[in-house]
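Structure record follows, encoded as structure tokens.
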Amino acid sequence: MGFVTTLLSIIGFGFGIPLGLFLGFFMFVRNVSRNFEEPVIRPIQVFDSSSWPDILPEIPLWVKNSDYERVDWLNMVINDMWPYLNKALCNIIKSTAEPIYAEYIGKFQIQSIDLDTLTLGTIPPAIHGLKVYDSNEKHLVLEPAVRFAGNSNIILVLKVFYLNIHVQLIDLQVSVAPRLILKPLVPAFPCFASIIVSLMEKPQIDFGLKLMGCDLMAIPGLHHLVQETIKRQVASLFLWPQTFEIPILDTSLGAAKKPVGLLHVKVLRAEKLLKMDLLSASDPYVKLSLSGERLPAKKTSIKMNNLNPEWNEDFKLTVKDPQTQVLQIHVYDWEKVGRHDKLGMQLIPLKLLVPHERKEFAMNLLKNINPNDTHDRKQRGKIMLDLTFVPFKEDYDRSGSLILQHSMKNSSMKRSESESSQAYGAGLLFITIVGAKDVEGKHHTNPSALVVFRGEMKKTKTIKKTRDPTWEEEFQFMLDEAPLKDVIHIEIISTKRFGFRLKESLGLVRINLVDVVHNGRINEKFNLINSRNGVIHLDMRWTAA
């Protein structure tokens, strides 16, 4: 009996498992699969436009606009650095907000304002595209499309009438298209001195606002009112052409200051100068220079055998910083052989001058600028001068806006008759030789640029063995009248120290300066004459006094 029971159990087990699997397949697997339908595939053209936002993902900006570059790599960097960027940005917000809070303490019965919690969340912002402007300017222009939708949490605690009021800002969402101008470019890390920020369109801002735990944004109409108010306030401060400058470096580290005006100096006369020669009186002359300049000093004529000379000679010096620069006056006794003897000196701070007002100075000459030097007690005579500081008239936009510069290039400058007469008077001509491309000589290519203007010749440094030299050298020409009928001649030459064919022309260009005077500035690349593909980049500026 036991044997029969065991045999039946084996037979039942052997048939039961396959039968159970077979029945399970039909009862569960096959019946369940009937509930799924095959997906319907249809071309997108059959859908109406209202259905597209539901079936299509958000298209990035670099796909919709070819001017924008894809920057997935930058988003990856921001994602990895976000925990540290979050803390750094929060510290900047705290330090910026504290002076603002201080203005409201004591008003509206507010006793204190504190940031209890400040975090931008764990979700980093995303850059959906980046546009980079290509220009001839010494700055870099970027336009990123930034969107931020994070789990931010900001809690502000206001103490009013000894009552702590908690205001909470959550779920901040921002969509913004700023223009970032990195200028000026300088030879010191991070290679730009400041960031100029402006918004190209009104930002899209959304957030949640709670007061003592109550959701204020749930109040009908308040959400829209708050959003529009913030948009208007932000637009009034940062919407282009409004700008906000963030200093990064001291511009004195690498960016040279540009001249802002002319100093007109008239050396009148001197009285009771020292007699330095045994057999005759002194032969005086005057040297003039401005502090902080490496230019050669201006010199008067030599008055032979005269202790009370009269010169009545006029000079012009370029001024870069009238608040800090000083006019240095040195009087010497000319010697035919040997070193010239120093008769005396004086200093005149330019900050003592009022623009466009002539001021006369009559000063005792000193041995040096040390006030404790006993040698200064000795009478060295007097010198009389007339000084006038004339600031330049700015005829072009300095904000760095490419749109403004482009419009100025394509439109004539509208000036009144008085402005035109001033613009065509005395001034300063700046010629900056930026660089050249595709210049090549038949025998050697060691390029330098030679500038010839009104018989005066100036030359850049020589760069050896290159077809694409970069000079970035500026030359100044001080003129008594605008160069309306003048032509400037610029030639790129190649020189070799030893051997035959020591000098070779790589191309030249002749430019009528009347366009520079009318436009104020021309910053362009010019094709070189007598060169196959050569191009020279020039930045020319006329600044009237």
Side-chain angles (χ1 to χ4, degrees), residues 257-271 273 282-304 306 308-334 340-366 369 380-393 422 424-431 453-458 474-483 486 541-545:
K257 293 183 178 181
K258 297 295 183 181
V260 297
L262 291 179
L263 178 65
H264 295 259
V265 181
K266 186 171 186 177
V267 182
L268 300 175
R269 60 189 180 277
E271 297 176 354
L273 297 178
S282 299
D283 306 322
Y285 70 94
V286 182
K287 294 177 65 174
L288 303 172
S289 63
L290 286 174
S291 60
E293 291 289 347
R294 297 181 180 179
L295 299 174
K298 305 285 186 179
K299 296 181 181 180
T300 66
S301 59
I302 302 171
K303 300 299 181 180
M304 305 299 293
N306 195 337
N308 299 285
E310 291 190 8
W311 287 283
N312 293 315
E313 298 179 11
D314 295 313
F315 301 92
K316 297 185 182 70
L317 294 88
T318 57
V319 179
K320 294 182 177 179
D321 191 349
Q323 295 300 316
T324 60
Q325 283 188 294
V326 174
L327 176 64
Q328 301 170 343
I329 308 162
H330 295 270
V331 184
Y332 290 93
D333 176 26
W334 180 82
H340 299 182
D341 296 324
K342 186 176 180 179
L343 297 178
M345 66 163 297
Q346 258 297 353
L347 302 177
I348 302 178
L350 300 190
K351 63 182 180 181
L352 300 177
L353 303 177
V354 178
H356 301 289
E357 291 187 9
R358 184 178 64 86
K359 188 171 184 179
E360 184 174 344
F361 290 86
M363 300 169 294
N364 293 322
L365 292 173
L366 307 174
I369 59 175
R380 296 177 172 270
K382 288 186 176 182
I383 187 168
M384 279 67 77
L385 305 96
D386 273 351
L387 302 184
T388 307
F389 172 58
V390 181
F392 288 141
K393 285 182 60 63
Q422 291 178 0
Y424 299 156
L428 206 60
L429 176 65
F430 300 89
I431 304 294
F453 177 67
R454 291 188 178 179
E456 187 176 357
M457 300 176 61
K458 296 186 179 182
E474 181 182 84
F475 303 106
Q476 302 176 9
F477 299 91
M478 192 177 302
L479 307 176
D480 292 329
E481 59 181 11
D486 290 280
R541 179 161 56 97
W542 168 254
T543 306

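For the single chain, residues carry numbers from 1 onward in sequence order. Values below: all heavy atoms of this structure, side chains included; hydrogens, waters and symmetry mates excluded.
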Does a side-chain heavy-atom distance below 4.5 Å link [X] with [Y]?
{"X": "Glu313", "Y": "Val286", "value": "no"}
{"X": "Phe389", "Y": "Lys359", "value": "no"}
{"X": "Leu343", "Y": "Ser282", "value": "yes"}
{"X": "Leu273", "Y": "Pro284", "value": "yes"}
{"X": "Leu353", "Y": "Pro322", "value": "no"}
{"X": "Ile431", "Y": "Phe453", "value": "no"}
{"X": "Leu262", "Y": "Leu317", "value": "no"}

Looking only at non-hydrogen atoms, find the nearest pair between [X] and [Y] and report the distance.
{"X": "Ala297", "Y": "Lys287", "value": "CB-CE, 4.0 Å"}
{"X": "His264", "Y": "Val390", "value": "CD2-CG2, 3.5 Å"}
{"X": "His340", "Y": "Tyr332", "value": "O-CD2, 4.1 Å"}
{"X": "Arg454", "Y": "Pro483", "value": "NH2-CA, 4.0 Å"}
{"X": "Tyr285", "Y": "Ser301", "value": "CB-O, 3.6 Å"}
{"X": "Lys298", "Y": "Phe315", "value": "CB-CD2, 3.8 Å"}

Starting at [atom1] of [X], measure out to [atom2] of [Y] and round the result to the nearest 0.5 Å.
{"X": "Lys266", "Y": "Leu385", "atom1": "NZ", "atom2": "CG", "result": "11.5 Å"}
{"X": "Arg269", "Y": "Met384", "atom1": "CZ", "atom2": "CE", "result": "4.0 Å"}
{"X": "Phe361", "Y": "Leu327", "atom1": "CZ", "atom2": "CG", "result": "9.0 Å"}
{"X": "Lys382", "Y": "Asn308", "atom1": "NZ", "atom2": "CG", "result": "12.0 Å"}
{"X": "Ile383", "Y": "His330", "atom1": "CD1", "atom2": "NE2", "result": "11.0 Å"}

> Can Ile329 and Met363 be said to form a side-chain contact (heavy atoms from CB on, under 4.5 Å), step by step?
Replying inline: CA-CA 11 Å; Ile329 308 162; Met363 300 169 294; 3.9 Å; yes
Can a donor-acceptor pair be found, under 3.5 Å and without considering hydrogens, that links the side chain of [X] to the backbone of [Y]?
{"X": "Ser291", "Y": "Val326", "value": "yes"}
{"X": "Gln346", "Y": "Leu366", "value": "no"}
{"X": "Gln325", "Y": "Lys320", "value": "yes"}

> Gln328 and Leu347: side-chain contact (heavy atoms from CB on, under 4.5 Å), yes or no, with the steps?
Replying inline: CA-CA 5 Å; Gln328 301 170 343; Leu347 302 177; 3.7 Å; yes
>> How about CZ on Arg358, more than 12 heavy atoms from neighbouring residues, nucleotides or ligands closer than 6.0 Å, or not?
In response: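 No, not enclosed.
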>> Looking at Lys316, I'd like to know if its NZ atom is crowded, meaning that more than 12 non-hydrogen atoms belonging to other residues, nucleotides or ligands lie closer than 6.0 Å.
In response: yes
> Within 45° of the six-membered ring axis of Phe477 and under 6.0 Å from that ring's centre, is NZ or CZ of Lys458 located there?
Replying inline: yes
> Can you list the steps and then say if Asn312 with Leu268 is a side-chain contact (heavy atoms from CB on, under 4.5 Å)?
Replying inline: CA-CA 4 Å; Asn312 293 315; Leu268 300 175; 3.7 Å; yes
>> side-chain contact (heavy atoms from CB on, under 4.5 Å), that's the test. Do Leu290 and Leu350 meet it? Break it down for me.
In response: CA-CA 9 Å; Leu290 286 174; Leu350 300 190; 3.9 Å; yes
